[in-house]
Every structure is written in C-alpha cells, then in structure tokens.
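Down below is the structure, laid out as structure tokens.
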Amino acid sequence: MIDWQTRAAALYDGGFRPMFVRGQWVPSASGEVMAAHNPANGALLATVPRGSAADIDAAVAAARRAFEGPWSRSTPFERQALLLRIAERFEAEWENLCLSDTLDMGMPISRTLANSRRVLGMLRFYAGQAVSIHGATIPNSFPGEILSQTVKEPVGVVGAIIPWNAPIAGSVWKVAPAIATGCTVVLKPSEEASLTVLMIARLMQEAGLPDGVLNVVTGTGAEAGAALAAHPDVDKIVFTGSTATGQAIARAATGNLKRVSLELGGKSPVIVCRDADLEKAVPVAAMAVFANSGQICIAGSRLFVQRDIHDEFVGLVADYARKLRIGAGVDPLTEIGPIISARQAQRVAGFLDAGKAEGARLVAGGARLEGAEFAGGNFIAPTVFGDVADDMTIAREEIFGPVISALPFDTLDEVVARANATPYGLAAGVFTTHLGTAHKLARRLKAGSVWVNMYHAIDPAVPFGGVKMSGYGREGGIEHMDEYLDTKAVWINTD
Ligand code: NAD
C-alpha cells in the first residue's frame, strides 16, 4: 500500500520550480514568481516563474529554431520512437506524476491513477499516427502527363494553452500530436496548475526530446497567455478553456491569421427516459457531474428526467451524492476532492445561492463544507437541485462545480428542443433501453459527443470536440492530426 502522504511531502517542499525554454530550466525574465497551493489544505507546494511577453518571445524563438533545425529532418519513425520512449518514461514515473496532479489541482489520487493510464494510451496512439501521415496522388483534368499530389507538412510553431482541470491529459493531448507531426510547441499551463506540466516536460526531456521542441512558460493568462495568442511567429494556437477566453484568443490570433482550434465550455444535457435502466443510470448520471468535483468541461449538468420518474430518479441521485466520500485527494478512498481555488469555490457557492433564490428545489448538498477535516481547503458538497426551470441561472450557465440541475420533461421532441437550446454543444448523454430512442436522440442532439447508457468515454482514437460555442477543431482520432498539418499540392509536368 502506497503512503501517499509521505510521498507528497517529498515531492513538493515549497521551493522554486523553474520553467523550460530551449532545453534549459530557467526563471522568468523579470524574476517574478507565482505560488502554487494545494487546494485541499492551502499549503504552499512550490513557486513557479511568472512568465510574461519577454519569456514567450524567448520560447517562441526557441521553438522556431528547433522547428527549422534538425527536428525538421527527423523521420516519422524517429518521432514514433521518441513518443514510445516518452510513454515508457511516464509509465516509470506515473505514481509521482499522478500524485503531483492530485496535490496541485485536487483530483483524487484514485482518479488521477486511472486517468494516467489513458494518457499512456494517448502517447502510444500518436506514436502510431506518426508513421501513418501521408498525402495522396490525385487524378486531374489536365491533358498529358501531369502528376498532382498532396504532401502533409507540419504547421510549424504551435502555441498550446490549457486549463487547470486535467493537466496531464490536457498537455499530452496537445504535445503528442505535435511531436508526431514534426511541429514544435510553446505550452502555457494554467496559473492554477503548472507543477505537473513542468514534471511532464522534465520526463519528455529525459526521454530524449530535442531542445526547443517543447517549451513550457508558466504565467498568467493575461500576460503569458495573451502574448502567446497574439505572437506573430506562432503558426497555430490549440486552446482548451472557457468560451470567453476562447473568444479573446480567436480575436488575438487574427494579427497573423494563425490557425486556431478551440475546446471550450459546455452545459451538457443528460436525458433519462422512463424506459431507462434506472439502477445503472443513477451512478453514471451522478458522476457525469461529480467526477473531478464538477470541474470537467463535459459535466452533464442539465439532467433532464421524464416527468413520471423525475422525483424517484432525482431522489436516487441525491442519495448517491450524499454517500460520496469527500476530502483530500491523497486519501485513496476519497471520491470527490476540492475545488481548485477559493475564488472558484466562491463562484460555485454563488450558483448555489442563485438556485435557491430562483426557486429550484434543493435535494442534496447546497453548501460549502466546513470543519476541521476541510480546513484551509475549498470543498463544496455534491449538490442536486430538482424541478429546475430552463430559464434559471443554474440551468443556463456553466458552473464548473459539483452541481446537478434536474429538469422534468414530457416528450422526446420537447426534450431535444430544450436540450439544444443552449449556446454550447460539447457533449450529451442519453439513458434509454429503447433502440429507436437511442438512435433518434443521438442524431438530433447538437453536440460533439453523445453517449448512450454511459458517459465520459474519451479515447485517443475517437475524435472529441465541440460545436456551437463549445468550440471547433477535434482532439483524438485521425482528425486530430490534421489540426497540426498543412496540405500542400505538388504538380509535376512529367512530359
Ligand atoms: P480559462 O479560460 O480561464 O483559462 C484557460 C487557460 O487560458 C489558462 O491557461 C489561462 O491562463 C489562459 N488564459 C486566460 N486568459 C487568457 C487570454 N486572454 N489569452 C490567452 N490565454 C488566456 O479556463 P479555466 O478556468 O482554466 O478552465 C475552465 C474552463 O475550461 C471551463 O469553461 C471548461 O468548460 C473549459 N474546459 C474545456 C475543455 C474542453 O475540452 N472543451 C476541457 C477542460 C476545460
């Protein structure tokens, strides 16, 4: 049995952790730092550089130099081998990697351990993709011997900006396809969760990543993030985060018309029909929101339940919520960890107040958790509101906390219209035992992913992303590679 507490004390001691530019571990140009706190108890874990525009300039220059250097002549097979070595390095260090994530952003260790397994699969999937990139020879309308073909080329320097809620998967999902395609990267982690991303860079360096292929600049969104999004020598931005920030990034990117892909927020519907297997649906519908304390873009936070089973189903979900074990993520039995920051917990508490004030029926939770075991941390009880109306704040806005809003519905046509009546379109869930209903709803729901009788399935081989204001572009699947590639047409007169 691993003693996570003892390991935690050895991993972070409050000291300074430099950032990673051109293969060197460096402070920020200004010397300024930011503090990284454990959201479960407020303890100082480490300080990291507060990078700004000057540091982004240096990192972009390093990435450009690497892109145009020997890396540009690396073969797909060399890049494949590198990704496989990185996967091995991750596997050797995976307990520390997961523990770092648990300490820095609060996700329970049981969950980070499970997630990291998926990350290893991601690295190996992109290793396979590296040697599968190819263009085509295309028949054309010209007379004579004119050959036309396409060649896939890396887009160049990629600026990657990620949120705090899944640093391991978030960074690997940006960096692995870049390595596979031959791009180089400047990665800006969230100011709320930089430590694990720095550890990832170290592991990649140890696995033989050439200098400058990955650079990590820690810092705030307003300084380092904005500088990266607007940088004239960045060819592409891949961003995961809130819709408001995605809009700011898309605007900033217009200066040099860099390509942008955006994985943004959501207000995903989960639809429970009266013919659903309720026993199986309850834990899945509950964890569709409570996993990672609701801090997950695909949280199924609008729970539509057919009216005649609404009260029964909501009662069962509330029972489930009350039994969840909440606490610090280093306890292997913890199911629900803290919210990332005091500010974010305050924001979630504001939604709890709005739900009560606007007349939703509070069935479980509904408050911050106080007391000795939660001291210094940002804990919110898993919360279920029943009989929520579509126009209430908690039914409309992304909460990014452990809050389910249950809404009764009568007919399938009605629920499709209501489920789609949101600016977002990231994900949706359906629970039914009727095959026709499953197909119909899956087709009619406007979302990048629809899960039937399950939720949360994300796989490196399957494309993931949003429609509407949940963004554009796809991560995962063969579609993902095209986000990092340009297609060049080559014409040859062979006469
Ligand atoms: P956020 O948008 O506040 O921050 C995300 C990142 O953008 C951070 O690194 C931040 O420093 C940076 N940033 C902030 N302002 C910036 C600016 N003006 N220019 C450039 N960069 C800037 O999001 P968050 O609070 O960290 O994360 C929560 C949000 O992320 C939620 O809306 C959630 O739904 C979304 N999210 C989406 C997905 C997805 O795949 N669709 C996954 C996880 C999270």
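We count residues from 1, following the sequence as given. Keep in mind that the numbers below use all heavy atoms, side chains included, and drop hydrogens, waters and symmetry copies. Numbering of ligands and ligand atoms starts at 1, following listing order.
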Taking 4.0 angstrom as the limit, do Lys152 and Asp482 come out as a salt bridge?
-> yes

Leu426 neighbourhood, listing ligand 1 atoms whose heavy-atom distance to it stays under 4.0 Å | 41 (N)

Take atom CE in Met287; do more than 12 heavy atoms of anything else shown fall under 6.0 Å from it?
-> yes

Among protein heavy atoms, which lies nearest atom 13 (N) of ligand 1, and at what distance?
-> Gly221 CA, 3.4 Å

Answer yes or no: is there an ion pair linking Glu398 with Lys267, defined by an N-O contact shorter than 4.0 Å?
-> no

If you scan protein heavy atoms around atom 33 (C) of ligand 1, the nearest is Phe400 CE1, 3.1 Å

Would Asp390 and Arg418 pass as an ion pair if we require N to O under 4.0 Å?
-> yes

Arg259 and Asp486 ion-paired at < 4.0 Å = yes

Of all the heavy atoms in Ala226, does at least one lie under 4.0 Å from an atom in ligand 1?
-> yes

To the nearest 0.1 Å, how far is atom 10 (C) of ligand 1 from its closest protein heavy atom, and which atom is that?
-> Glu191 OE1, 3.5 Å

Between Asp57 and His231, does a side chain to side chain donor-acceptor pair (under 3.5 Å) hold up when you go through it step by step?
-> CA-CA 8 Å; Asp57 280 346; His231 202 287; 2.9 Å; yes

Output the list of atoms in ligand 1 that are nearer than 4.0 Å to some heavy atom of Gly265, sorted by atom number.
-> 32 (O), 34 (O)

Hey, which atoms in ligand 1 end up nearer than 4.0 Å to a heavy atom of Ile161?
-> 6 (C), 7 (O), 9 (O), 12 (C), 20 (C), 21 (N)

Can Arg325 and Asp331 be counted as an ion pair, charged N to O under 4.0 angstrom?
-> yes

Using the side chain to side chain donor-acceptor pair (under 3.5 Å) rule, take Glu191 and Thr218 through it: C-alpha gap first, then chi angles, then the decisive distance, then the call.
-> CA-CA 7 Å; Glu191 50 272 54; Thr218 50; over 6 Å; no

Any idea which protein heavy atom is nearest atom 39 (C) of ligand 1, and the distance to it?
-> Cys297 SG, 3.2 Å

Do the rings of His480 and Tyr126 sit parallel, tilted or perpendicular, given the 30° and 60° boundaries?
-> perpendicular

In plain terms, say whether Glu91 and Arg124 are close enough for a salt bridge, that is, a side-chain N and a carboxylate O under 4.0 Å apart.
-> yes

Side-chain (Asp104) to main-chain (Ser194) donor-acceptor, under 3.5 angstrom | yes

Atom 30 (O) of ligand 1: of Pro163, Gly241, Ser470, the nearest heavy atom sits on Gly241

Purely on distance, is any nitrogen or oxygen of Thr243 under 3.5 Å from one on ligand 1?
-> no

Using heavy atoms and a threshold below 4.0 Å, how should the contact between Glu398 and ligand 1 be classified: side chain, backbone, both, or neither?
-> side chain

Closest protein heavy atom to atom 4 (O) of ligand 1, given as residue, atom name and distance to 0.1 Å | Thr245 OG1, 4.5 Å

What is the nearest protein non-hydrogen atom to atom 44 (C) of ligand 1, stated with its residue, atom name and distance?
-> Asn165 ND2, 3.5 Å

Shortest protein contact, atom 20 (C) of ligand 1 (heavy atom only) = Gly225 C, 3.1 Å

Close approach of Pro189 to ligand 1, heavy atoms, under 4.0 angstrom | yes

Atom 24 (P) of ligand 1 touched by protein (heavy atom, under 4.0 Å) | yes

With a 4.0 Å cut-off, would you call Asp235 and Arg64 a salt bridge?
-> yes

What atoms in ligand 1 come closer than 4.0 Å to a heavy atom of Ile249?
-> 19 (N), 20 (C), 21 (N)

So, do Trp164 and Pro189 sit near enough that their side-chain heavy atoms are less than 4.5 Å apart?
-> no

Would you call Lys236 and Glu483 a salt bridge, using N to O less than 4.0 angstrom?
-> yes

Which atoms of ligand 1 sit under 4.0 Å from any heavy atom of Phe464?
-> 40 (O)

Considering only heavy atoms, does Leu264 approach ligand 1 within less than 4.0 Å through its side chain, its backbone, both, or neither?
-> backbone

Can you tell me which residue and heavy atom of the protein come closest to atom 6 (C) of ligand 1, and the distance to 0.1 Å?
-> Ile162 O, 3.5 Å

Proximity to ligand 1 by part of Ile298, non-hydrogen separation under 4.0 Å = neither

Do any nitrogen or oxygen atoms of Ser242 come within less than 3.5 Å of a nitrogen or oxygen of ligand 1?
-> yes

By number and element, which atoms of ligand 1 are closer than 4.0 Å to a non-hydrogen atom of Glu263?
-> 37 (C), 38 (C), 39 (C), 40 (O), 41 (N)

